[in-house]
Amino acid sequence: MSALTPQSDMPTPTTDKITQAAMETIYLCKFRVSMDGEWLCLRELDDISLTPDHEPNPEDPNYLMANERMNLMNMAKLSIKGLIESALNLGRTLDSDYAPLQQFFVVMEHCLKHGLKAKKTFLGQNKSFWGPLELVEKLVPEAAEITASVKDLPGLRTPVGRGRAWLRLALMQKKLSEYMKALINRKDLMSEFYEPNALMMEEEGAIISGLLVGLNVIDANFCMKGEDLDSQVGVIDFSMYLKEGPIAKSSEEDVQITAILDQKNYVEELNRQLSATVNNLQTKVDALEKSNTKLTEELAVANNRIITMQEEMERMKDDSTLFSKGNKHDRTADGQTLSEVRKHLKEETQLRQDIEKELEVQIGMRQEMEMAMKMLDKDVCEKQDALAALRQQLDDLRALKHELSFKLQSSDLAVKQKTELNSRLEEKTNQMAATIKQLEQR
């Protein structure tokens, strides 16, 4: 930017336009991106100065390494924060297809590769972060299990693939921050693999290891037997961290709509189950009413039979009194008949008592069933009210989503117009820079 600023102290319309164009460019991009080798150098808006203040030499290796460390630390912060927030909103176990999780592993791979010393092999120089990760099992005994698992995976052929598998297993074990902290604390061992000003040797590495503690709140599950970790290209997707407000709000509204739909489906399923339970209870009540009616009829028949037997017994007693002076044989036969009648009467009385007890039990069961049906009816009414409220919320959220979609389209159109304006301003800036250079040469 200082190359585009004239030497005069007074601002001119040309410098004002250039400064305004630069500010619009930075506002649209949020970061200034530069390439140095295989590393991306990022600066946030607050770190960029539009004035020609004194800056360190950009060709100084120490300045480049410090800039890379700061950029990687900022990207790690954004990646870890976005991963935790999205995982908590999602509310389920993460897998290898989850985009924020993939970007987190890409950022971690860049952090581990920063400042690696190149080792000479028969095929040339090789940089791999698998060597430092192998040291973890010597520092933390719990890491021996995942190191052995990585070595036993049949599909891994390169050190890079084994390092990527190790990071995934450490995250599943929820001890990635512990392992990274153990590595960073042993700088005497790390100096064999890293340059003195690498990220793992400086304060930024300790900060990243502290940030990794927050990942212990998420659950992840990976199936690495079918994944090709050797040939994956680790490129950071900056579009995930350059979202504007309406887009983020739209994603939050989508999450809320999904949650409400899940609640609606759950309430509908619960309502169906309650309806089926009510139908079953109604069937049981009908069966109990039929059984109660049948028992009542049997009780009435038994009462009639008991009354008949009592009358017959009285008649037999009268007959026994009238013929008490009869012959002995007749008295013996009458005594046997009387004993049989008494025995039969006793059996009928016992049967009546059993039927009355069973009738009382059935009446108690019927009362319990009626109470349960009343409670179920009340619960069904409450669930229906809740379902109606959820449907109303769903309609409101759909209307809000439609409105946000319209605002999003408008914001996309504005961004497109600003992008075109930015490209035209860059062309004018280049032309003016060439003109200024020609004027300086003259």
Side-chain angles (χ1 to χ4, degrees), residues 31 39-44 46-47 62 65-90 94 98-116 129-147 163-220 222 234 236-238 240-241:
F31 293 93
W39 294 98
L40 291 171
C41 299
L42 307 176
R43 283 188 178 179
E44 296 182 357
D46 296 335
D47 296 332
N62 293 328
M65 294 292 283
N67 194 18
E68 291 171 359
R69 290 197 305 270
M70 182 61 65
N71 293 329
L72 286 173
M73 185 184 69
N74 292 331
M75 287 306 304
K77 287 181 180 179
L78 289 173
S79 176
I80 294 171
K81 181 181 177 182
L83 177 59
I84 293 174
E85 291 178 353
S86 59
L88 292 179
N89 291 331
L90 191 62
L94 307 182
Y98 193 57
L101 193 59
Q102 294 176 354
Q103 284 302 306
F104 164 75
F105 286 126
V106 171
V107 173
M108 285 301 301
E109 183 177 340
H110 279 280
C111 292
L112 291 171
K113 283 181 178 180
H114 184 261
L116 268 175
F129 58 94
W130 170 240
L133 296 181
E134 280 187 299
L135 292 177
V136 178
E137 64 178 345
K138 298 179 181 178
L139 304 176
V140 184
E142 290 85 355
E145 181 181 355
I146 62 173
T147 304
R164 291 168 176 169
W166 189 95
L167 288 175
R168 284 157 174 78
L169 291 177
L171 183 64
M172 288 174 59
Q173 203 178 24
K174 295 187 178 182
K175 291 188 177 181
L176 182 58
S177 61
E178 180 182 350
Y179 297 157
M180 296 299 293
K181 185 176 180 181
L183 273 179
I184 291 170
N185 290 336
R186 294 299 303 271
K187 290 184 172 56
D188 53 339
L189 298 177
M190 299 290 287
S191 61
E192 180 183 354
F193 300 95
Y194 289 98
E195 298 292 341
N197 51 1
L199 184 141
M200 296 293 290
M201 302 291 289
E202 295 291 342
E203 183 182 359
E204 288 83 356
I207 295 174
I208 292 176
S209 66
L211 294 173
L212 292 175
V213 177
L215 297 178
N216 293 337
V217 301
I218 65 175
D219 296 324
F222 304 104
I236 301 175
D237 185 8
F238 296 107
M240 296 181 61
Y241 312 107

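This one's a predicted model, so the numbers in the text were calculated from it and none came from an experiment.
In plain terms, the two heavy atoms of Val217 and Gly214 that are nearest each other are CG2-O, 3.1 Å. The heavy-atom pair separating Ser191 from Asp188 by the smallest distance is OG-O, 2.8 Å. Annotation for Ile184 and Gly205: closest pair CD1-O, 3.0 Å, computed over non-hydrogen atoms. Residues Leu183 and Met190 approach most closely at O-CG, 3.2 Å, considering heavy atoms. The two atoms that bring Cys111 and Met200 nearest to each other are O-CG, 4.3 Å, heavy atoms only. Taking each heavy atom of Ser209 and Met180 in turn, the nearest pair found is CB-CB, 4.1 Å.
Across Leu112, Leu135, Leu133, a single residue satisfies side chain to side chain contact (heavy atoms under 4.5 Å, CB included) together with Phe193, and that is Leu135. Applying the salt bridge (charged side-chain N to carboxylate O under 4.0 Å, His left out) test between Arg69 and each of Glu203, Glu204, Glu195 identifies Glu204 as the sole match. Just one of Glu137, Gln173, Glu142 meets the side chain to side chain donor-acceptor pair (under 3.5 Å) condition when paired with Tyr179; it is Gln173.
Enclosure of atom CD in Glu145 is not indicated, since only 12 or fewer non-hydrogen atoms of other residues, nucleotides or ligands lie within 6.0 angstrom. Heavy-atom neighbours of Lys187 NZ from other residues, nucleotides or ligands within 6.0 Å: above the threshold of 12.
Looking at Ile218 and Leu94, their side chains come closer than 4.5 Å, going by heavy atoms from C-beta outward. Ser177 is not listed as a side-chain neighbour of Leu215, based on a closest heavy-atom distance of 4.5 Å or more.
For residues 167-180, every residue pair satisfying the salt bridge (Lys or Arg N to Asp or Glu O under 4.0 Å) rule, not counting sequence neighbours, is listed here: Lys174-Asp219.
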Do Leu139 and Leu189 pass the side chain to side chain contact (heavy atoms under 4.5 Å, CB included) test, and can you show the C-alpha distance, the side-chain angles, and the key distance before you say yes or no?
CA-CA 10 Å; Leu139 304 176; Leu189 298 177; 4.0 Å; yes
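For the atom pair CZ (Phe104) and OH (Tyr98), the distance works out to 13.5 Å, reported to the nearest 0.5 Å. Going from atom CG of Leu171 over to atom CG of Leu101 covers 6.0 Å, rounded to the nearest 0.5 Å. Here Met73 contributes atom CE and Ile207 contributes atom CD1; the two are 4.5 Å apart, rounded to the nearest 0.5 Å. Atoms CG and CD1, on Leu212 and Ile80 in that order, are 4.5 Å from each other to the nearest 0.5 Å. Rounding to the nearest 0.5 Å places CE of Met75 at 7.5 Å from CD of Gln103.
In summary, the aromatic rings of Phe105 and Phe222 are positioned with their centroids under 6.0 Å apart.
With hydrogens and angles disregarded, a donor-acceptor distance shorter than 3.5 Å links the side chain of Ser86 to the backbone of Gly82. Proximity of a side-chain donor or acceptor of His114 to a complementary backbone N or O of Leu199 within less than 3.5 Å is detected.
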